[in-house]
**Q** 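The structure under discussion is supplied below as structure tokens; questions concerning it will follow.
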Amino acid sequence: MLELGKKQSLKVIKKVDFGVYLAEQETAEKSEQVLLPMKQVPAGTEVGDTVSVFLYKDSSDRPIATTKKPLISLGSTAVLQVKETGRIGAFLDWGLEKDLLLPFREQTGKVNPGDEVLVALYLDKTQRLCATMKVYQYLDTDSEYEKGDEVEGRVYESSPNFGVFVAVDDHFSALIPKQNVQKTYRAGEKLRLYVTEKREDGKLTVSTRRNAYLQINEDAELLLKKLKENKGRLNFDDKASPEKIKEEMGMSKAAFKRAVGHLLKEKTIVLKDGTIQLKDR
């Protein structure tokens, strides 16, 4: 059976001026044969030889074979570059002559030429190979990562109900729960993350922040940097609203209070009249 989107080993059953026809068996009917264009035929190939090819559809929507190795195969994921956008979607470079369509309905965020996007390859209702940014069901859950590990992830979708969906190493399923989301992330954005839980099903729960006792130094450094950028003074303190702190600092009020407390203990800052100031100000 000829399968689009997969690598197959097929026999050469007929040679013509413009290429060779391949099939699983020499007696295959025409509908079970596929053309390998002449420019793709390995030198010295004869009838009866076996050739390893990838099957897809050409610009006329006909099944075609190629000896080139695509960057993605059916049911798998890969990071591909956007070549151009059009009225029906975006077109991705997947290493073959005909670009891969990423339909608008399969995009989880706006994409532009030059962007790198994580996608999966699937067959649509018309048996056409297409890409989708909705990769949740295609990601693996057998990573070796454990709680506390630092990982790299790529955002592929956001949900107001669940949080931010991330592919760790562009391969493993992970989620930043909505209560831990500190800002708006765009699809394709790469993040440094920390595993907070490995569920029984293998999926990872991750955070952009370390455990509090590890994160506090980093937050304190961020606060110092913000103070220096603002001439040693911030016009709010740790009693400001959570919304104000999140907008100004990109962290929760609890994390901000810990950072302030840390710098107060080190006698680096002072609190005065609702402001935070560097002590040497």
Side-chain angles (χ1 to χ4, degrees), residues 1-103 106 111-133 135 137-140 142 154 167 169-172 188:
M1 178 181 177
L2 300 180
E3 295 185 86
L4 294 174
K6 296 183 178 181
K7 201 83 171 177
Q8 291 182 263
S9 292
L10 300 174
K11 285 186 178 181
V12 178
I13 62 169
K14 184 170 60 175
K15 294 182 70 174
V16 292
D17 292 340
F18 46 86
V20 298
Y21 281 95
L22 309 174
E24 288 188 303
Q25 299 178 351
E26 295 178 1
T27 57
E29 297 181 2
K30 191 172 183 179
S31 61
E32 298 172 331
Q33 301 174 17
V34 63
L35 175 69
L36 176 63
M38 182 59 71
K39 60 183 177 181
Q40 293 283 318
V41 179
T45 298
E46 299 293 342
V47 172
D49 290 347
T50 298
V51 184
S52 180
V53 294
F54 180 84
L55 304 186
Y56 68 115
K57 287 187 176 182
D58 63 16
S59 56
S60 299
D61 214 28
R62 297 171 301 193
I64 195 85
T66 179
T67 53
K68 291 184 178 180
K69 184 179 179 180
L71 301 176
I72 190 172
S73 58
L74 188 65
S76 69
T77 60
V79 177
L80 303 179
Q81 187 174 63
V82 179
K83 291 186 68 175
E84 60 180 341
T85 57
R87 60 182 180 83
I88 60 173
F91 294 90
L92 313 179
D93 179 6
W94 62 323
L96 301 182
E97 292 183 3
K98 181 188 176 186
D99 295 332
L100 179 63
L101 174 65
L102 171 60
E106 298 298 330
V111 300
N112 297 298
D115 287 351
E116 290 188 336
V117 292
L118 177 67
V119 296
L121 185 66
Y122 75 100
L123 280 170
D124 70 7
K125 293 179 181 179
T126 64
Q127 294 300 293
R128 176 179 54 178
L129 289 167
C130 293
T132 178
M133 293 171 67
V135 299
Q137 63 178 310
Y138 300 96
L139 295 176
D140 289 333
D142 58 352
R154 189 186 302 266
D169 297 340
D170 293 328
H171 194 65
F172 302 109

**Q** Out of curiosity, Met38 CE to Thr45 OG1, how far, rounded to the nearest 0.5 Å?
**A** 9.5 Å
**Q** Can you see which heavy atom on Ala90 is nearest to which on Val82, and at what distance?
**A** CB-CG1, 4.1 Å
**Q** What distance separates Leu35 CG from Ile64 CD1, expressed to the nearest 0.5 Å?
**A**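 Answer for the CG-CD1 pair, Leu35 versus Ile64, is 4.5 Å.
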**Q** If I take atom CG from residue Asp93 and atom CD from residue Glu84, how far apart are they, to the nearest 0.5 angstrom?
**A**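 Here the rounded value is 11.0 Å.
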**Q** For Lys7, is the NZ atom crowded, meaning more than 12 foreign heavy atoms sit under 6.0 Å from it?
**A** yes
**Q** Given the rule in the side chain to side chain contact (heavy atoms under 4.5 Å, CB included) test, do Arg128 and Leu101 qualify, once you have shown the distances and angles that lead to the verdict?
**A** CA-CA 9 Å; Arg128 176 179 54 178; Leu101 174 65; 4.0 Å; yes
**Q** List the atom of Leu55, the atom of Ala65, and the distance in Å for their closest heavy-atom pair.
**A** CD2-CB, 3.6 Å
**Q** Provide the closest heavy-atom pair for Phe54 versus Lys68 in the form atom of the first, atom of the second, distance.
**A**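 The answer is CB-O, 4.1 Å.
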**Q** Looking at Glu3, I want to see if its CD is surrounded by more than 12 non-hydrogen atoms of other residues, nucleotides or ligands under 6.0 Å.
**A** yes
**Q** Quick check on side-chain contact (heavy atoms from CB on, under 4.5 Å): which of Leu71, Val111, Val119 does Leu92 satisfy it with?
**A**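 Exactly one candidate clears the test, Val119.
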**Q** Can you see which heavy atom on Ala23 is nearest to which on Glu32, and at what distance?
**A**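 Here Ala23 and Glu32 meet closest at CB-O, 3.6 Å.
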**Q** A quick test of your reading: do over 12 heavy atoms of other residues, nucleotides or ligands sit less than 6.0 Å from NZ of Lys11?
**A** no
**Q** So how far is it from Leu10 CG to Tyr21 OH, rounded to the nearest 0.5 Å?
**A**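 The distance works out to 14.5 Å.
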**Q** Measure across Asp99 and Trp94 and return the closest heavy-atom pair with its distance rounded to 0.1 Å.
**A** C-NE1, 3.8 Å
**Q** Find the distance between NZ (Lys57) and OG1 (Thr126) and round it off to the nearest 0.5 Å.
**A** 6.0 Å
**Q** Would Val12 and Leu22 count as a side chain to side chain contact (heavy atoms under 4.5 Å, CB included) if you check the C-alpha gap in whole Å, the side-chain angles of each, and the deciding distance to 0.1 Å?
**A** CA-CA 5 Å; Val12 178; Leu22 309 174; 3.6 Å; yes
**Q** Pair Leu74, Leu129 - check side chain to side chain contact (heavy atoms under 4.5 Å, CB included), show working.
**A** CA-CA 8 Å; Leu74 188 65; Leu129 289 167; 4.0 Å; yes
**Q** How long is the straight-line distance from CG of Leu80 back to CE of Met133, given to the nearest 0.5 Å?
**A** 11.0 Å
**Q** At their closest point, which heavy atom of Ser31 faces which heavy atom of Leu2, and how far apart are they?
**A**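 So the minimum-distance heavy-atom pair works out to O-CD1, 4.4 Å.
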**Q** Sub-3.5 Å donor-acceptor pair from the side chain of Gln40 to the main-chain atoms of Thr66, do we have one?
**A**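 Absent.
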**Q** Given side chain to side chain contact (heavy atoms under 4.5 Å, CB included), test Ser76 with Tyr138 step by step and report yes or no.
**A** CA-CA 6 Å; Ser76 69; Tyr138 300 96; over 6 Å; no
**Q** For the side chain of Asp58 and the backbone of Ser60, is there at least one donor-acceptor N/O pair under 3.5 Å apart?
**A**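 Confirmed, Asp58 side chain pairs with Ser60 backbone.
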**Q** Kindly check if the number of other-residue, nucleotide or ligand heavy atoms within 6.0 Å of NZ (Lys6) is above 12?
**A** no
